[in-house]
Structure formats: structure tokens, C-alpha cells
Protein chains: 2
Amino acid sequence: MRIGELAQATGTTTKTLRFYENQGLLPPAERTPAGYRDYTDDIVARLDFIHRGQAAGLSLAQIRQIVDIRGAGEAPCEHVRTLLDTRLSDLEQQINQLIALRETITQLRDQAAQVEPDTCSADQVCRYL
Amino acid sequence: MRIGELAQATGTTTKTLRFYENQGLLPPAERTPAGYRDYTDDIVARLDFIHRGQAAGLSLAQIRQIVDIRGAGEAPCEHVRTLLDTRLSDLEQQINQLIALRETITQLRDQAAQVEPDTCSADQVCRYL
DNA sequence: CTGGACCTTCCAGTAGAGGGGAAGGTCAAG
DNA sequence: CTTGACCTTCCCCTCTACTGGAAGGTCCAG
């Protein structure tokens, strides 16, 4: 399987695949005599794993940690659990902050809908903020 | 007021202040004969405005739009309302996505808490994801 | 044998909001 | 007169996940 086929099969681009290999997310591909990358089918599972990791909000660096542990012959499950837990509490915080922000902006906008525009003074730039 | 004092007074850095001036967020500062930036007190209000804009999740580019309108002698209120409305609907979407992601990760983590680590197989990398 | 589609490597750039640090000027204190 | 703290401009670096493009090699059809 050449890189273009793999890209099509997994819904990504050849650029991205080379980039992933460079970043250690994919094992160095076998090469044809001409130097073309030659993939076996199991690389698809690896790419799916990467995509699932991304869908879970993990960074490529974190996903690389996981595949590195697996590459060292260990089970990365413990680490994955830790990552997911951390991600979850980060997410919780992030959501709360955004909700608070939404509250703030809603109030600002409601005020903005009431005040007469011309009463703004230049030294405040805009009283709506 | 020199740049270091202003930085301290507004809780930022001299680097950032020069950067803001460069980006058109702050008016070009007066200079002392020696070439030092010399600020008057009203710059503090401008910086507070910038900080409020950032706290509302606006980008520096958006904040610059606002101060440019004000700089042109017009009232930016209309534009601010539009920005806030847009920001609000973006925020809504963002929050919903994060909540969906939280759901996904929660499920993954709950599965991870149950499965025996050793049952992971290498070709999946990790079944928890 | 030529054209076009593919592949290779390497170098550079994107966005956003600054930060690091060099080389040099200025000011007040001791 | 010197030291140290401050200031100036200038250019490059950070981070993330890619993307663009140049220069050149390979493969297959016609």
C-alpha cells in the first residue's frame, strides 16, 4: 500500500502521514526498492488509534507517549487512564470557564442592547465592555 | 510614567506594552528627549479596556477593530454588539462540543476502570481508546 | 520516448500572543 | 567615574498540527 492509498483510506493526506512518521506516531515505513513507502494493512489500525486519541482531545504528543509505551512492549493502559482523567478534569474546568464567560458576555450584550450608542465616551473606548 | 511603571501598574510586561503599540492597540507613546516612552494616566483606561476585551474572549485583532473605530471618531458600540453576538454563538457551540467530548471521555474512562490491563492487545495499542 | 501521476526529501510558513536576548543608550546614586 | 537599573530597537523563538512548494526520482500508458 502506497502512501497516497493509505491517505485516502484513512481520510488524511500524504503530508500528514509523513509528518506523523517524523513525529514518531507511526513506525518508519518499509520501503520499495525505489524508496517509496510501502505500508501493510495494520497501519490502518494505528491511524485509527491516533484519530480516536485526537477525538478524545489528546495532543499528538500525548498520543505519542502512548504508542511509545506500547512500542516498548508494555501495556499503556495505566498511562491512558491517567491521561483521560487529567483530560477530564481539564475539560471540566474549561467548560466551567466558558460557561462563566458566556454569562459575562450575555450580560454585556444585554446592556449593549439598552444603552444609547451616543452616550459612549471616548476615554472608555466603549462602555459595553 | 515610564513603560516599566505602566507595566507594573497594569499587571503586564514592557514587552507586551511595546507589542500592543506595535499592533495598533495603543497609540504611539510620547517620548522624552532621550527617546523613552512617556505615558499619561489615561493609557491605563485603554489597557483596562484591552484586558476587558480579552476577558470577554475577544482576540487582539477584534479589540483593535474596536479601538480603530473609536480612533476614527465614531462610536464602536454597534460593532461591539455584533462582536459580542458572534462571540456568544461561537461560545455556545464551543461549550456544546466540549460537553459532548466530556461525555465521550467519561465513558472511555469508565471502561478503562473495568477492563483488565493485560487484556490489551498490541495491535490496538490500547483498547481504552 | 514522453506525459502525467505519483513518490522522495528538505525548507519555510501559518495563526496568536507574546517571550528571549543582544547591542547599545540614559539616568541617578555613590 | 563607575555601577546598576532602566530604557531603546532588532531579530529570532515558542507552541501545535499541519500545509505549501521546490527540485528531483519512479512508474505506467500510449
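Letters go in sequence order (proteins before strands), and every chain restarts at 1.
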Separation of [X] atom [atom1] from [N] atom [atom2], in whole Å?
X     : N      : atom1 : atom2 : value
B/E21 : C/dG18 : CD    : C1'   : 15 Å
B/L17 : D/dC7  : CG    : P     : 10 Å
B/N22 : D/dC12 : CG    : C1'   : 15 Å
A/R64 : D/dT16 : CZ    : C1'   : 12 Å
B/F19 : D/dT14 : CZ    : P     : 17 Å
A/L60 : D/dC18 : CG    : C1'   : 9 Å
B/L26 : C/dG18 : CG    : C1'   : 14 Å
A/E5  : C/dC7  : CD    : C1'   : 12 Å

Near [X] [atom1], under 6.0 Å, is it more than 12 heavy atoms from other residues, nucleotides or ligands?
X     : atom1 : answer
B/E30 : CD    : no
B/Q8  : CD    : no
A/Q23 : CD    : yes

Below the 4.0 Å mark, does [N] have OP1 or OP2 next to a side-chain nitrogen or oxygen of [X]?
X     : N      : result
B/R18 : D/dC11 : no
A/R37 : C/dC7  : no
B/Y20 : C/dG18 : yes
B/R31 : D/dT9  : yes
B/Q54 : C/dG18 : yes

Does [X] belong to the same Ile/Leu/Val/Met/Phe/Trp/Tyr cluster as [Y], with side-chain heavy atoms less than 4.5 Å apart forming each link?
X     : Y     : value
B/L91 : A/L91 : yes
A/I69 : A/F49 : no
B/I66 : B/Y20 : yes

Would you say the side-chain atoms of [X] pair up with the backbone N or O of [Y], donor to acceptor, closer than 3.5 Å?
X     : Y      : value
B/R87 : A/I105 : no
B/Q62 : B/S59  : yes
B/E5  : B/R2   : yes

Please list, in numerical order, the residues of residues 86-94 of chain A that have a heavy atom closer than 4.0 Å to any atom of DNA chain D.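 Those residues whose heavy atoms fall under 4.0 Å from DNA chain D, taken from residues 86-94 of chain A, amount to none.
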Less than 4.5 Å apart, side chain to side chain, heavy atoms only: is that true for A/D48 and A/R52?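 Touching, per the 4.5 Å side-chain cut-off.
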Salt bridge B/R81-B/E78, side-chain N to carboxylate O under 4.0 Å: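 Yes, this pair counts.
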Scoring nucleotides 19-28 of chain C by protein non-hydrogen atoms under 4.0 Å (B base, S sugar-phosphate only, - none) yields SBB---BBS-
Over its full length, what angle do the end axes of the helix from C/dC1-D/dG30 to C/dG30-D/dC1 make, each axis taken from five pairs and the result rounded to 10 degrees?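 Computed from the C1' atoms at both ends, the axes differ by 30°.
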Kindly indicate, with the supporting measurements, whether the criterion side chain to side chain contact (heavy atoms under 4.5 Å, CB included) is fulfilled by A/I50 and A/L26. CA-CA 9 Å; A/I50 294 171; A/L26 299 179; 3.8 Å; yes
